[in-house]
Number of protein chains: 2
Amino acid sequence: MSENVEFLKTNALFKNASPQFLKDASAAISVKRFDKNFVFFINSDEAQSFYFIKQGWVKLFRETLDGSQAIVDICTGGHIFGETAIFENNQYPYSAEAVEPCEIATIPLDLLKTEIETNNKFALDMMGSMARYRRQQDREIEHRALQNAPQRIGCFLLRLADQTADGGVTIQLPYDKMLVASRLGMQPETFSRALNKLKEKTGMEIKGGTIKLDDLEKLTDFSCSACSSSFPCNDLQSCK
Amino acid sequence: MSENVEFLKTNALFKNASPQFLKDASAAISVKRFDKNFVFFINSDEAQSFYFIKQGWVKLFRETLDGSQAIVDICTGGHIFGETAIFENNQYPYSAEAVEPCEIATIPLDLLKTEIETNNKFALDMMGSMARYRRQQDREIEHRALQNAPQRIGCFLLRLADQTADGGVTIQLPYDKMLVASRLGMQPETFSRALNKLKEKTGMEIKGGTIKLDDLEKLTDFSCSACSSSFPCNDLQSCK
DNA sequence: ATTGCTCCTTGACCGATGTCAATTGAGTGG
DNA sequence: CCACTCAATTGACATCGGTCAAGGAGCAAT
């Protein structure tokens, strides 16, 4: 039995994957649906597989001794997670949990490891992917140091906004406000208040998870002054 | 004329460097002393070279439109910087400045690029290095979200502490307190006050940049409770 | 010793965010 | 339709960290 693995190509990382890798993956891959709150693995688990998201959202996080949770990333369709265990003595460096029902492909890490070791083009792509992630993390640190809560939310929204429309823009939050809050490193209460402040400043309309704004520039003026990249930011990727 | 490039081997990244790379590097490398405050390059400069630190400290940072500065990293002997430009369309993703007199080797980026593309072992080491950096960044984000100022300082000190001694420990700050503060994402005033609080809590003795502590455990108890890794942290690297 | 410099510390104050508690609102299952 | 649950909001308050301003400490040059 073998699965069609064409969907892997939706992630640029796999554009130079070798026929052998695709063949092996096709034989070894398992594609399944998972319920909300399903835990794929927890921090420091022994790693056998990495995961490719076909559908849905997955949160990556770590927990401290005293019970708090830090979000590492929140990923969706086309992204992979758990692959970094290759470089971490085969232990996952974070925990992973479905935040809504999702469809996930499970792939043996060994295949990825072999591909990296034998296919130089693939290795280069992998490095590119890691570099992109690094840029993202660097900016994340910068934002948390220099932007206040409303600005961070503004920046987050800008990444979601469809820039094609130069008139009004409609932004749809991809998941719970609670989750957006922790993604941005703030409490839900702070998020709620900060979003209100942002509304005052930019005249946006908020209804549930849907946000309408007629002048995108008001938002960039407000958020991007405390950032070292100028809008439009050239790296809109999440996860890898 | 050719330089001895053996010193590169002090960075694990170069342990599998090809003879050809070392030979080319030897011919193309330039080793020089730079004064404090020398600027190697600024964010988004066109990149020709990467840099290897033989001696001294270098800060990597980015600046926002409104003039604030975010420290990306602070590196010292054995570390390289500027190499990520390879993956950033040949533009440096941050600025770099000497924070004290240093001795730096300048090496053409092309050599590194060629080596990555042709020497698979080297590529793997490079990925390992990038992964290590990623882990560090992830934890940095976590710390800024979950630890308060005194805890962050404590964690920083623990990384500097020589664990061999199980009796008293002496820790020497590697550079100015002002710089430590910005490295930890806080104001100098906050740093000063937070260090005092840490002193109260753990009974450490502070004289200038030298800190003495007879019981390391007091420090770990205080700092590591708000962290997801347990002491001793397994990744004490800065930069790469 | 004096001057001037920079780093560092301290105090007073304020704004931003976290915390705790109460309330509202939306969605679900009976 | 009602009860239940959980997300989201709001208010009151505490805490933390940032800001501004004023010393003090260390150090180099004179």
Side-chain angles (χ1 to χ4, degrees), chain A residues 35-37 57 59 64 66-71 99-101 142-154 156 172-201 204-211 222-223 226, chain B residues 35-37 57 59 64 66-71 99-101 142-154 156 172-201 204-211 222-223 226:
Chain A
D35 290 337
K36 175 172 176 167
N37 296 330
W57 288 89
K59 82 169 168 185
T64 66
D66 59 12
S68 325
Q69 199 175 79
I71 300 292
V99 296
E100 59 175 358
E142 178 189 315
H143 282 179
R144 299 217 180 173
L146 303 177
Q147 291 186 321
N148 59 25
Q151 284 172 328
R152 282 217 295 291
I153 297 176
F156 181 80
Q172 181 65 40
L173 291 182
Y175 35 78
D176 279 358
K177 289 186 181 178
M178 277 186 68
L179 198 55
V180 176
S182 59
R183 161 74 181 70
L184 296 174
M186 63 185 81
Q187 302 302 313
E189 295 96 326
T190 303
F191 178 83
S192 183
R193 284 186 254 262
L195 189 57
N196 272 328
K197 190 167 282 181
L198 199 57
K199 181 175 162 189
E200 285 172 29
K201 297 268 182 187
M204 48 174 54
E205 260 177 70
I206 306 173
K207 192 179 291 177
T210 308
I211 295 168
F222 180 76
S223 287
Chain B
D35 290 336
K36 176 171 176 168
N37 296 329
W57 288 89
K59 83 169 170 185
T64 65
D66 57 13
S68 326
Q69 198 176 80
I71 300 291
V99 296
E100 55 173 77
E142 177 191 315
H143 282 179
R144 299 216 180 175
L146 303 177
Q147 291 185 323
N148 59 25
Q151 286 172 326
R152 281 217 295 290
I153 296 176
F156 181 80
Q172 182 64 42
L173 292 181
Y175 35 77
D176 279 358
K177 288 186 180 175
M178 276 186 67
L179 197 56
V180 177
S182 60
R183 160 72 182 72
L184 296 174
M186 63 185 81
Q187 301 303 314
E189 295 96 326
T190 302
F191 178 84
S192 183
R193 284 186 254 264
L195 190 56
N196 272 328
K197 190 168 282 179
L198 199 58
K199 180 175 161 188
E200 285 172 30
K201 298 269 183 187
M204 49 173 56
E205 259 178 72
I206 306 173
K207 191 179 292 177
T210 308
I211 295 168
F222 180 75
S223 286

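Residue numbers start from 1 in every chain, and the chains themselves are labelled A, B, ... in the order their sequence lines are given, proteins ahead of strands.
A donor-acceptor contact under 3.5 Å links the side chain of B:Arg193 to the base of D:dT19. Side-chain N/O atoms of B:Glu189 and base N/O atoms of C:dC8 include no donor-acceptor pair closer than 3.5 Å.
The B:Pro150 side chain lies nearest to D:dG17 when the options are C:dT19, C:dT9, D:dG17. With C:dA16, D:dG18, C:dT10 as the choices, the nucleotide that has an atom nearest any side-chain atom of B:Asn196 turns out to be C:dT10. When each of C:dC7, D:dG17, C:dG18 is scored by its nearest atom to the side-chain atoms of B:Met178, the top-ranked nucleotide is C:dC7. Set against D:dG18, C:dT17, C:dG18, the side chain of A:Gln187 has C:dG18 as its closest nucleotide.
Between B:Leu184 atom CG and D:dC16 atom P the separation is 18 Å, expressed in whole Å. Remark: C1' of D:dA7 and CG of A:Asn37 are 14 Å apart, rounded to the nearest angstrom. Distance, B:Lys197 NZ to D:dT15 P: 10 Å, rounded to whole Å. Atom C1' of nucleotide D:dG26 and atom CG of B:Leu173 are separated by 16 Å, given to the nearest angstrom. The nearest whole Å value for the distance from the CZ atom in B:Arg144 to the C1' atom in D:dC16 is 16 Å. One interatomic measurement links the two molecules: CD1 of A:Ile206 to C1' of D:dT10, which rounds to 15 Å at whole-angstrom precision. Put simply, CD1 on B:Ile153 is 10 Å from P on C:dT9, counting in whole angstrom units. Atom pair B:Asp176:CG and D:dC27:P shows a separation of 12 Å (rounding to whole Å applied).
Judged by closest nucleotide on DNA chain C, B:Lys36 is the one of B:Lys36 and B:Thr190 placed further toward the 5' end.
A:Ala194 comes within contact range of no nucleotide atom at all, as no heavy-atom separation falls under 4.0 Å.
Counted within 6.0 Å of CD on A:Glu205, heavy atoms from surrounding residues, nucleotides or ligands total 12 or fewer; the atom is thus considered open. Sparse packing is recorded around CG of A:Asp35, with 12 or fewer heavy atoms of other residues, nucleotides or ligands lying under 6.0 Å away.
Considering every non-hydrogen atom in both B:Pro150 and B:Leu198, the closest pair reads O-CD1, 3.6 Å. Nearest approach of A:Gln147 to A:Gln151, heavy atoms of both residues: CA-OE1, 3.5 Å. Between B:Gln69 and A:Leu146, the shortest heavy-atom contact is O-CD2, 4.1 Å.
Taking only side-chain nitrogens and oxygens, A:Asn148 never comes nearer than 4.0 Å to OP1 or OP2 of D:dG18.
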